Amino acid sequence: MFTTRPVLTGTLGMVASTHWLASAVGMRTLEAGGNAFDAAAAAGFTLSVVEPHLNGPGGDAPVIGHRAADAHTFVVCGQGVVPALATTGAYRALGVEEVPGTGHLAAVVPGAFGAWLDLLARYGTLPLADVLGPAIGYARDGYPLVAAAARTVATVADMFRAHWPTSAQVYLPGGVPPGAGERFRNPDLARTFERLLAEAAAAGPDREAQIEAARRAFYEGFVAEAVDAFVAGTPVLDATGRAHTGFLRADDLAAWRATEEPTVAVPFAGVEVHKTGPWGQGPVLLQQLRLLDALGVEGLVRDVVDREAREADDRGGPQAELVHVVVEVAKLAFADRDAWYGDSADVPLDALLSTAYAAERARLVGAGADDGFRPGAPAGRAPHLARALVAARALADAGEPAGGDGPLGAGLGEPTVSPTGLNRGDTCHVDVVDRWGNQVSATPSGGWLQSSPVVPGLGFALPTRAQMCWLEDGLPASLVPGRRPRTTLSPALVLGSGHGFAFGTPGGDQQDQWPVPFLLRHFVGGSDLQAAIDAPTWHSTHVHGSFHPRAHTPRGVVVESRLGPDVPGALAARGHAVVDAGAWSLGRLSAAGVAPNGWLCAAANARGQQGYAAGR
């Protein structure tokens with residue numbers, strides 16, 4: 001859905017997200033007089049209720065915001081850190097060589113709730129009760145469960161019954177999985193939110209004091225106490241096939257606060273593209289844009305978009321060429337991500353994002369599909385790769401599975417979940433622009449119902465993001481207490497002179513692949529936001545997965561069939577291993593912002609018939 005409204009008296013703003021209820025709640029918040037920051041938090045709280053297979057209030061939530069009044073652009077980091085007790089030695093003492101993808105051993109500090117509170121305290125205007133109220137209503141009174149969530153619950157139902165009874169109590173009402181479209185309630189979560197609001201109200205009438213009281217109740221009060229008791233005292237089955245307690249404690253929650261920090265940005269096509277720092281994978285998008293600039297793909301993009309607009313029969317050649325170039329660029333940038341990114345002061349980010357480095361790397365893009373793994377040497381430094389990553393690559397190159405529990409698919413749109421909850425990971429997204437031009441992009445994730453058991457009495461699960469860390473010392477993404485796991489979560493902003501938009505997508509490792517053709521089509525090809533989102537897309541599965549078991553498909557490319565009947569064959573002729581994912585299967589992008597003509601604009605993904613953009 002695409003809508004535009006002028007910045008005139010009476011205009012309220014626009015919201016786009018991966019779920020229609022979150023978009024509606026965001027608009028309700030704008031209509032109540034809130035700004036973009038209030039609306040994003042209200043939508044985010046709602047997403048934590050209505051998409052429990054993709055995120056939860058105990059998950060993770062990086063946020064990028066832009067305050068129009070003073071052009072202040074910032075990141076609120078809602079990525080929780082590794083617990084103090086979670087050392088590499090502690091895992092090895094348990095006989096664990098890789099952090100499992102499910103259960104207590106992968107738990108980090110919940111960051112999503114704290115991030116939304118921090119955004120509200122710094123930039124919002126409405127009382128917490130107004131912002132959290134809709135989420136409480138849906139948790140208490142129910143909402144229609146989306147088909148993907150129903151499928152996820154059905155897949156893990158046997159594990160819930162046998163091993164995770166606290167999850168069975170919430171997600172198997174009456175002992176059976178709920179069906180798609182059924183009214184689903186989570187009364188424990190509603191009571192948790194209501195208790196947090198009661199703690200807030202007890203702090204008196206001051207808005208910021210109320211927000212701080214709710215934060216303390218979560219991170220230093222009854223929520224932290226329940227988390228500590230469950231993780232320390234109840235062994236649960238995880239992806240190792242054994243039951244373990246975990247390392248997360250109340251002290252870890254009490255010591256953590258959401259933080260504000262600068263964005264990282266590069267110029268592209270007359271605008272600036274903003275991402276988080278390298279504690280997330282966000283800069284990998286910026287590296288790809290630098291490489292594409294160095295390769296001069298503008299003419300190719302315009303040719304492809306023009307042929308599509310004319311429905312030309314001869315578009316197969318240029319389209320295949322564009323897919324090939326973008327895929328080869330992704331391989332190089334993501335190899336750098338795997339070698340260099342992490343929550344470390346030693347990441348050579350300036351060198352990685354320099355035009356000189358991009359020009360050097362661009363010379364590696366050839367006419368055929370590269371089957372190597374080639375991180376670069378920014379500032380002359382040699383890359384140091386995790387041994388487990390090298391081993392996973394060797395298995396894949398030999399045609400052997402990388403491990404894990406059942407097939408995890410080919411990196412398509414929604415995560416494929418195994419019966420024990422192991423999955424590639426996915427998430428949700430929300431973008432907001434208000435009447436003043438403030439903008440927010442947020443990618444809440446983690447706390448997936450299938451990856452961690454529900455904390456008794458709280459109604460939500462914990463984040464399993466420690467699985468992103470290596471149990472090998474000396475790497476930028478090594479597991480270190482107090483360090484943020486190198487997350488895939490990747491909100492984004494584009495800013496020009498008086499215009500720009502927030503954008504992003506779920507999709508794990510695809511979060512910084514699907515936006516590349518979107519940005520190329522919009523800024524170079526001239527497509528509007530909705531057309532750029534709707535256009536057929538693709539991504540590389542040669543890129544290593546960030547989630548256990550770190551799988552990859554040598555030379556793998558996943559494409560939507562709408563690229564054209566000749567494209568798969570043309571790519572195969574270049575050496576790519578092509579998977580046709582169907583016509584409308586990849587990408588869940590949304591965007592909201594201010595167009596160059598001053599009108600507000602928003603667009604949402606049509607795939608899955610779930611995302612929605614709204615405004616007035």
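The shown structure was predicted, so the numbers you read here are calculated from the model rather than taken from an experiment.
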Looking only at heavy atoms, what is the nearest atom pair of [X] and [Y], with distance?
X	Y	answer
Pro378	Leu352	CG-CD2, 3.7 Å
Leu475	Leu385	CD2-C, 4.3 Å
Val558	Leu586	O-CD1, 3.7 Å
Pro262	Val75	O-CG2, 3.9 Å
Ser490	Gln511	N-OE1, 3.0 Å
Asp238	Gly103	CB-CA, 3.9 Å

(request) Return the orientation label for the His552 and His544 ring planes: parallel under 30°, perpendicular over 60°, tilted otherwise. (result)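 The rings of His552 and His544 lie parallel, inter-plane angle below 30°.
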
_Taking the ring of Trp514 and the ring of His539, is the distance between their centroids below 6.0 Å?_
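They qualify: ring centres under 6.0 Å apart.
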
#### Entry: Partners meeting salt bridge (Lys or Arg N to Asp or Glu O under 4.0 Å) with Asp370 (sequence neighbours left out)
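Result, salt bridge (Lys or Arg N to Asp or Glu O under 4.0 Å) vs Asp370: Arg374.
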
* What residues, two or more places apart in sequence or in another chain, satisfy salt bridge (Lys or Arg N to Asp or Glu O under 4.0 Å) together with Asp303? ->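 Partners of Asp303 by the salt bridge (Lys or Arg N to Asp or Glu O under 4.0 Å) criterion, ordered by chain and then number, come out as Arg307.
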
(request) Using the ring of Trp470 (Phe, Tyr or Trp, six-membered ring only), decide whether Arg550 places NZ or CZ under 6.0 Å from its centre and within 45 degrees of its axis. (result)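 Yes - Arg550 lies over the ring of Trp470, closer than 6.0 Å to its centre and within 45° of its axis.
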
- Is the Lys NZ or Arg CZ of Arg562 less than 6.0 Å from the centre of Trp584's six-membered ring, within 45° of the axis?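 Positive - Arg562 is close enough to the ring of Trp584 and near enough to its axis.
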
Below 4.5 Å, heavy atoms only, C-beta onward: do [X] and [Y] meet side chain to side chain?
X	Y	value
Arg465	Ser445	yes
Trp340	Val284	no
Leu529	Phe518	yes
Glu560	Ser585	yes

Give me the one residue out of His274, His66, His522 that meets ring-ring contact (aromatic ring centres under 6.0 Å, His included) with Phe501.
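One option only clears the test, and that one is His522.
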
Approximate separation, where rounding is to 0.5 Å, of Ser590 OG and Asn605 CG: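 These two atoms lie 8.5 Å from each other.
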
Tell me whether Asp580 at atom CG has more than 12 heavy atoms from other residues, nucleotides or ligands lying less than 6.0 Å away.
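Enclosed: over 12 neighbouring heavy atoms sit under 6.0 Å from CG of Asp580.
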
Counting only heavy atoms not in Arg387 (residues, nucleotides, ligands), do more than 12 fall under 6.0 Å from its CZ?
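No.
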
Report task. Identify, with sequence neighbours excluded, every residue that meets side chain to side chain donor-acceptor pair (under 3.5 Å) alongside Arg484. Result ->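 Arg484: side chain to side chain donor-acceptor pair (under 3.5 Å) contacts with Glu261, Asp343.
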
_Main chain of Pro506, side chain of Thr427: is a donor-acceptor contact present, judged purely on distance under 3.5 Å?_
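No, Thr427 side chain to Pro506 backbone: no donor-acceptor pair under 3.5 Å.
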
